[in-house]
J.: 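First the structure, then my questions, so here it is.
All chains are named by letter (A, B, ...) in the order of the sequence lines, taking the proteins before the strands, and each is independently numbered beginning at 1. Hydrogens, waters and symmetry mates play no part in the numbers below; they use all other heavy atoms, side chains included. Just so it is clear, the model here is predicted, and its values are computed rather than measured.
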Amino acid sequence: MGWATLLLQVLELHAYIRQYHILQGVSFDVREGEVTVVLGRNGAGKTTTLRSVLGLTRIGRGEIRLDGLSLVGWRPHEIARLGVGYVPEDRGIFTQLTVEENLQVAERNRGNLRQRSGRIFDLFPDLYRFRHRRAGLLSGGQQQMLAIARVMVNPNRLLLVDEPSKGLAPILVRNVGEALREVAREATVVLVEQNLALAAHAGDRYVIIDDGRSVREGPMAEIAMDRQLQRVYLGVTERNGGLRALPWARR
Amino acid sequence: MGAPVTIPLLVNLFLNGLVLGTLFFLIASGLSLIFGLMSVLNLAHAGLFTWGAYVGLAVFNATGSLPLALVAGAAAGAALGAVMEVGFIRPLYGNHTFQILLTLGLFLVLNELLQLVWGPSLISFGVPAWARTTISILGMPFATYRLVVLLLGGAVFAAVYVILGRSRLGIVVRAGVGNAEMVQALGVNIQRVFTVVFVLGGALAALGGAAAGPFFRVVWPQMGAEVQLAAFIVVVIGGLGSVTGSAVGSLLVGLSQAFVGYFFPAGALIVNVGLMALVLLIRPQGLFAPGR
């Protein structure tokens, strides 16, 4: 661990939604250039963790540092402007806007979109085809692509991606995986993902959050070898096929 | 009432309905954008309409220039809108109960302040000679000033439509109406956008008031409150956050008020509220989707 640059540090994070104490001590490190997967059961606090990093959820105590800079007290748009991109669980698409306008909203500095649209549309040709169509009329998979494309409009240091495979057909999940690999080439990624196959495909390291606390972290390959960890924290059993979904478990 | 129904009469009622609709549009469009973007039901909006009328009157009396009066009225509304958002409403985003209480209080304060300056009575709003002339439309005389209000409303609608549809600010506002949190997450200072929309909404409402003074030929402290009910009906009919919806809703309500008010004076409000109830039953989100 020692020599790798830490881009993001989350230290003893406590966060609240209204009166509910959702995060009760989440700590993990994210190394620059890697994909860190946040795992855990439904309601464990994964989404709240991502939202806290971006300043969208109120932090009670704890520390979040981006490249050594404390983000506590910063407003979401200020954090985003430090080079933090966000793909939310519900995709956050502006359904009344066209595909092109969705990308324009994301443009932080004039010229970014023009400079990067070639690469975006090469990766997502459907978005080019439907660039004048209202985003609300796109399919679920296309909306997910748009959500990912939107964070590619600007150069980002850190991407927070929340369950990109949710509600998508298996073939589309593979496409999402490819897209994530592409965006991970130029940014560090924190990925919340319930789909273990996709997580394994994309991730370098993992952190498990359970009941609002981080309970384990380590290299991604570790999960395939630890059936108890899968069963206890992720609800994966032989019967539900979770293990078979892990590519290295088949080897 | 009592006069025979003739084509010229119907044309005149139609044009009057359009003028009323224009005034409703000027107050309702800001109300709709403010509610659509910030979820703030701004009960003080009518106060800005009234202030626009009185500031317009004061400037007109001082300079004799109607265009200057309209500009000054709009500027007063913009300034009051900025003070309202930055000074009072900003700490209360998300707290609807307090917002309603606060904006109701602000409305009362605005009205009291206005009466301290100008008194509680009606004040006549003289109009320049050119605005008192009439032109003949299908044989019926029609006040030139009313056509000016129509043109003004059309120009404002076109400007707002283009700003919302083509400019980056407009795209961000429309995105914010759909999902303000996501706009922030993309690096946009939504707080600043909120202020701009409040300023724009305040300017439009006050411009409506400044334009309404010469239309009614008088100003009075309750004139905003009387228009506000129609504006709320317009916003519900048109759809929260939709300027096109506000325009269409305003014309519907204005025309209904002109025609029903002429033939069945007691029924004008009933018909408009009935229209609103019908829209709520059939299409609760309003006739137009939010966003433009």
J.: Within a radius of less than 6.0 Å around OH of Tyr93(B), do more than 12 heavy atoms belonging to other residues, nucleotides or ligands occur?
T.: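 Counting other residues, nucleotides and ligands, OH of Tyr93(B) exceeds 12 neighbours.
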J.: Going through the checks in order, is the salt bridge (charged side-chain N to carboxylate O under 4.0 Å, His left out) test met by Glu101(A) and Arg174(B)?
T.: CA-CA 10 Å; Glu101(A) 287 172 336; Arg174(B) 285 189 289 132; 2.8 Å; yes
J.: Can you check whether Gly187(B)'s main-chain N or O pairs, donor with acceptor, with Arg81(A)'s side chain at less than 3.5 Å?
T.: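 Yes; at least one donor-acceptor contact below 3.5 Å.
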J.: Which heavy-atom pair separates Ala185(B) from Ala80(A) by the least distance, and what is that distance?
T.: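 Scanning both residues completely, I find the closest heavy atoms to be O-CB, 3.4 Å.
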J.: Would the number of heavy atoms belonging to other residues, nucleotides or ligands and lying under 6.0 Å from OH of Tyr128(A) be above 12?
T.: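 No, because the 6.0 Å sphere around OH of Tyr128(A) holds 12 heavy atoms or fewer from other groups.
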J.: Checking an interface table here. Which of residues 60-76 of chain A come within a heavy-atom distance under 4.5 Å of chain B?
T.: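 Heavy-atom contacts from residues 60-76 of chain A to chain B are Arg75(A), Pro76(A).
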J.: Do Met182(B) and Arg150(A) have side-chain heavy atoms sitting under 4.5 Å apart?
T.: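 Yes. Closest side-chain heavy atoms under 4.5 Å.
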J.: Surrounding CZ of Arg192(B) (heavy atoms of other residues, nucleotides or ligands, distance under 6.0 Å), is the total greater than 12?
T.: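 Not more than 12 within 6.0 Å, no.
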J.: From Leu56(A) CG over to Gln184(B) CD, what is the distance, rounded to the nearest 0.5 angstrom?
T.: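 If I round to the nearest 0.5 Å, the distance is 6.5 Å.
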J.: Once you round to the nearest 0.5 Å, how far does CD of Glu100(A) lie from CD1 of Ile171(B)?
T.: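 These two atoms lie 8.5 Å from each other.
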J.: Keeping to residues at least two apart or across chains, list the side-chain hydrogen bond (donor to acceptor under 3.5 Å, both in side chains) pairs with something in residues 245-254 of chain B.
T.: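 Passing the test, one end in residues 245-254 of chain B: no pairs.
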J.: In the structure I gave you, are the side-chain heavy atoms of Leu186(B) and Phe94(A) within less than 4.5 Å of one another anywhere?
T.: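 In contact.
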J.: Could you grab the distance from atom OH of Tyr86(A) to atom CD of Glu181(B), nearest 0.5 Å is fine?
T.: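 Rounded to the nearest 0.5 Å, the OH-CD separation comes to 6.5 Å.
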J.: What distance separates Asn179(B) CG from Asp90(A) CG, expressed to the nearest 0.5 Å?
T.: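 Those atoms lie 6.5 Å apart.
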